[in-house]
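Single-structure report; data block below.
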Amino acid sequence: MALQLLEHPGITLASGTGLDLPHQAARARAMWLAGRQQRPPLLLVVLLWARHCPDVVQSLERHLDALFADFRCTPEGWSETQAARQVLAALNLQLFRRQQAGQGDADLHAGVLLMQGDELQFLQAGSVGLARAHKGILQVLTGREGQALGAQAELALVQHSLLPSRGEHLLLAPQPLLDVSDLQGLCIQAEGSLGERLKPLLQAPGAAVLLRLGETQYLAPAPSAVVYPALMQIACGQQLDGWTLLRQCPYGPSGRVYLGRDESGREAVLWFAEDEAGEAFWQHEWALRRSTQQALPQVLSPHQARSHAYLVLAKPPRGMRNLFDWVAAHGAPDTQTLIGIVTQLIAAVRSLQRRGMQGLWLSPRQILLGDDGRVLFLPGAAAILPGVARQSLPEQAVPLAPELRSGRALDGRADQFALAALIYWLMSGQWPEAARSDVRPGHCYVPLATLIRYVPQSWDGVLARALAPQPQARFEALSEFQLALQQPLHARRSQALQRVPMQPARLAALGLVTLPLLLGLLLSLGG
């Protein structure tokens, strides 16, 4: 049995671990963190309980490391409670993806306490409960079976907003441990340390955290804010935050994306920022984290806190190449491959737009394509991100809508323009003049039909509209643009299908004409 004590006039805390079974264990961690936007410091307490999990203790420790590392890297504009919810949602999505890939069988439950000033929040994901005892009254917020993390894509979370009272005792533990424990002892105002009161509860499997609330004005001073600078000198073999850089990746911004391996043997892609991590960097990361779209990269949680500004992404599937390299090897894609690329990119862009990202730079070097037709878009610069001022994009970036270059107001139709320009480039090997950085005034759309042999019917008209200099002249939405591209292809397919049912009818008609002739011939021969 291991006990940890945190003695403080505001909150006294004791946490401990009971018995560990071969495939079942629980672990807890508590930490003081700086408050956001001049708010008081925060005591963050997390308890994780896992069943049916190999290497269960190591797995729980890694999850706790990742949760606290992720919490520190949430956008400053979020409240502490929102940050905790999003961190749990990110863990839930990672576990769900592992379940879908057939790689995960763990049954993981979580309980999170946030104590800040006169506010107390309890976030409950699965079968972790909270017992409250004050002035002889016991209240239990029971954990819920069937809501383990990773069971579904959306996080199943119950949030309790509680009013803390001086002298109150709080016990956080897996629900089975609460079920077999004598909780009435919490109601007795006995003298002695919290550790002595917690020990009897830890004779069974699990872990528990016991808190006694005191005077909130004695809460700990706020720790200093952490700065995440850009890493300017990057080289293979370099070690950073537990990662060893193995080789540079042939995609993404040149010299900023590397394959790395951590101390547990996990390999991932590290994308190093070119500037210090600010609110825009974290908003960009969490927009990616919250997307379930397969054409967007999966953001992984590092097991150590980051000391510099970089993203940790899951490795792309083997054989994927950026569009520059893919086109160089295969030439321009055929119509069916092209419409598959565009459909996946539109789904990825719409997913980012729903999370507040617009004005994207669709660089072919940051769009990967596999031989099976799967697309992976690594979104970099974006003009609009949630909660921050408009971002400037590199002047040399291509393709960009005219309103992005001129600083005019923009909306999702800027991304429609970029997608249309990418289609034009994939088909012809050159960018439309309107998308270039050296665009001249008075330019006009050059039809693809003058550059290449075959263009699907009406596509020149569709692309000319999507590439209009004024946003109001384009399609209203990406879905309308996608439908306009697909319509002539569907029409051709329908015409081909309509010709097939006519063949049996023609055969029947021919049979009706020829059968009497054959019968007459046979009768004449028989006569």
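Fair warning: this is a prediction, and the values are worked out from it, not measured in the lab. Values reported hereafter were calculated over all heavy atoms of this structure, with side chains retained and with hydrogens, waters and symmetry mates removed.
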Legend entry - Check: G387 main-chain N/O paired with E279 side-chain donor or acceptor under 3.5 Å: no

Taking only distance into account, with no hydrogens and no angle test, what donor-acceptor pairs under 3.5 Å do side-chain atoms of residues 366-380 form with protein atoms, sequence neighbours excluded?
unit_1: Q366; atom_1: NE2; unit_2: L378; atom_2: O; d: 3.0
unit_1: D372; atom_1: OD1; unit_2: R374; atom_2: N; d: 3.1
unit_1: R374; atom_1: NH2; unit_2: Q294; atom_2: O; d: 3.4

Legend entry - W78/W282 aromatic ring centres below 6.0 Å: no

Legend entry - Any donor-acceptor N/O pair, Q116 side chain to P40 backbone, under 3.5 Å: yes

Legend entry - Residue list, side chain to side chain donor-acceptor pair (under 3.5 Å) with Q159, at least two apart or on another chain: R85, Q121

Inset, instruction - Return the minimal non-hydrogen interatomic distance between A381 and P394, and the atom names on each side. - result: CB-CD, 4.4 Å

Legend entry - Main-chain N/O of F71 paired with T74 side-chain donor or acceptor, under 3.5 Å: yes

Inset, instruction - Please tell me if the side chains of L422 and I341 come closer than 4.5 Å, counting only heavy atoms from C-beta onward. - result: no

Inset, instruction - Look at atom CD of Q238 and say whether more than 12 heavy atoms of other residues, nucleotides or ligands are closer to it than 6.0 Å. - result: yes

Legend entry - G252 backbone acceptor or donor facing N322 side chain under 3.5 Å: no

Inset, instruction - For the residue pair R51 and S127, confirm or rule out a side-chain donor-acceptor distance under 3.5 Å. - result: no

Legend entry - Option from V112, L170, L172 for which side chain to side chain contact (heavy atoms under 4.5 Å, CB included) with F122 holds: L172

Inset, instruction - Check whether any side-chain heavy atom of D325 lies under 4.5 Å from a side-chain heavy atom of Y251, and answer yes or no. - result: no

Legend entry - Distance, nearest 0.5 Å, that separates NE2 of H160 from CG of L123: 9.0 Å

Inset, instruction - Would you indicate whether the side-chain heavy atoms of L171 and L201 approach each other to under 4.5 Å? - result: yes

Legend entry - Gap between atom CG of L240 and atom CG of D262 - 0.5 Å precision: 12.0 Å

Inset, instruction - Using modelled atom types only, decide if a donor and an acceptor are shared between the side chain of Q248 and the backbone of G255 within a distance under 3.5 Å. - result: yes

Legend entry - Main-chain N/O of Q82 paired to S79 side chain as donor or acceptor, under 3.5 Å: yes

Legend entry - Pairwise side-chain contact, V45 with M115, heavy-atom cut-off 4.5 Å (strictly under): no

Legend entry - CD/E119: more than 12 non-hydrogen atoms of other groups inside 6.0 Å: no

Legend entry - Reported CG-to-CG distance for the pair L5 and L198, which is rounded to 0.5 angstrom: 9.0 Å

Legend entry - D65 bridged to R29 by N-O distance under 4.0 Å: yes

Inset, instruction - Taking E80 for its side chain and R36 for its backbone only, find out whether a donor-acceptor pair lies under 3.5 Å. - result: yes

Legend entry - Criterion side chain to side chain contact (heavy atoms under 4.5 Å, CB included) against H169, the qualifying member of R132, R212, H134: R212

Inset, instruction - Before giving the answer on side chain to side chain contact (heavy atoms under 4.5 Å, CB included), spell out for L311 and L270 the whole-Å C-alpha distance, their side-chain angles and the decisive distance to 0.1 Å. - result: CA-CA 6 Å; L311 292 173; L270 274 61; over 6 Å; no

Legend entry - Heavy-atom side-chain contact between R27 and V57 under 4.5 Å: yes

Inset, instruction - To the nearest 0.5 Å, tell me how far R365 CZ sits from R321 CZ. - result: 14.0 Å

Inset, instruction - Indicate the atoms forming the closest heavy-atom contact of S351 with L296, along with that distance. - result: OG-CD1, 4.1 Å

Inset, instruction - Take atom CD of Q37 as the centre, draw a 6.0 Å sphere, and report whether it contains more than 12 heavy atoms from other residues, nucleotides or ligands. - result: yes

Inset, instruction - Output, in order, the C-alpha distance, side-chain angles, deciding distance and verdict of side chain to side chain contact (heavy atoms under 4.5 Å, CB included) for L113 and L211. - result: CA-CA 10 Å; L113 277 173; L211 297 90; 3.9 Å; yes

Inset, instruction - Evaluate the side-chain proximity of L91 to L108: yes if any heavy-atom separation is below 4.5 Å, no if none is. - result: yes

Legend entry - Minimum-distance pair of heavy atoms, taken over all atoms of P164 and L213: CB-CD1, 3.4 Å

Inset, instruction - Please state whether the rings of F272 and Y310 are parallel, tilted or perpendicular, taking 30° and 60° as the class boundaries. - result: tilted

Inset, instruction - Give a yes or no on whether the backbone of D55 and the side-chain of S59 come within a donor-acceptor separation of less than 3.5 Å. - result: no

Legend entry - Side chains of N92 and L157 in contact at under 4.5 Å (non-hydrogen atoms): no

Inset, instruction - To the nearest 0.5 angstrom, please state how far the CZ atom of R390 sits from the CD atom of Q358. - result: 10.5 Å

Legend entry - Shortest non-hydrogen contact from L88 toward A110: CD2-CB, 4.1 Å

Inset, instruction - Using atom types as modelled and distance alone, determine if a side-chain donor or acceptor of Q94 lies under 3.5 Å from a backbone N or O of R98. - result: no

Inset, instruction - Please report the C-alpha distance between V56 and H23 in whole Å, then the side-chain angles of each, then the deciding distance to 0.1 Å, and finally whether the side chain to side chain contact (heavy atoms under 4.5 Å, CB included) criterion is met. - result: CA-CA 6 Å; V56 60; H23 297 283; 5.9 Å; no

Inset, instruction - Could you check W243 against V312 for side chain to side chain contact (heavy atoms under 4.5 Å, CB included), going step by step and ending with a plain yes or no? - result: CA-CA 10 Å; W243 294 98; V312 181; 3.8 Å; yes

Inset, instruction - Check C73 against W286 and note the closest heavy-atom contact, atom names and distance. - result: O-NE1, 3.0 Å

Inset, instruction - Grab the two heavy atoms, one from L300 and one from A268, that are nearest each other, plus how far apart they are. - result: CD1-CB, 3.9 Å

Legend entry - Side chain to side chain, T292 and F96, heavy atoms closer than 4.5 Å: no

Inset, instruction - Look up atom CZ in R261 and atom CZ in R247, then write down how far apart they are to the nearest 0.5 Å. - result: 9.0 Å

Legend entry - Pairs satisfying salt bridge (charged side-chain N to carboxylate O under 4.0 Å, His left out), at least one member in residues 301-317, at least two apart: E267-K315, E285-R306

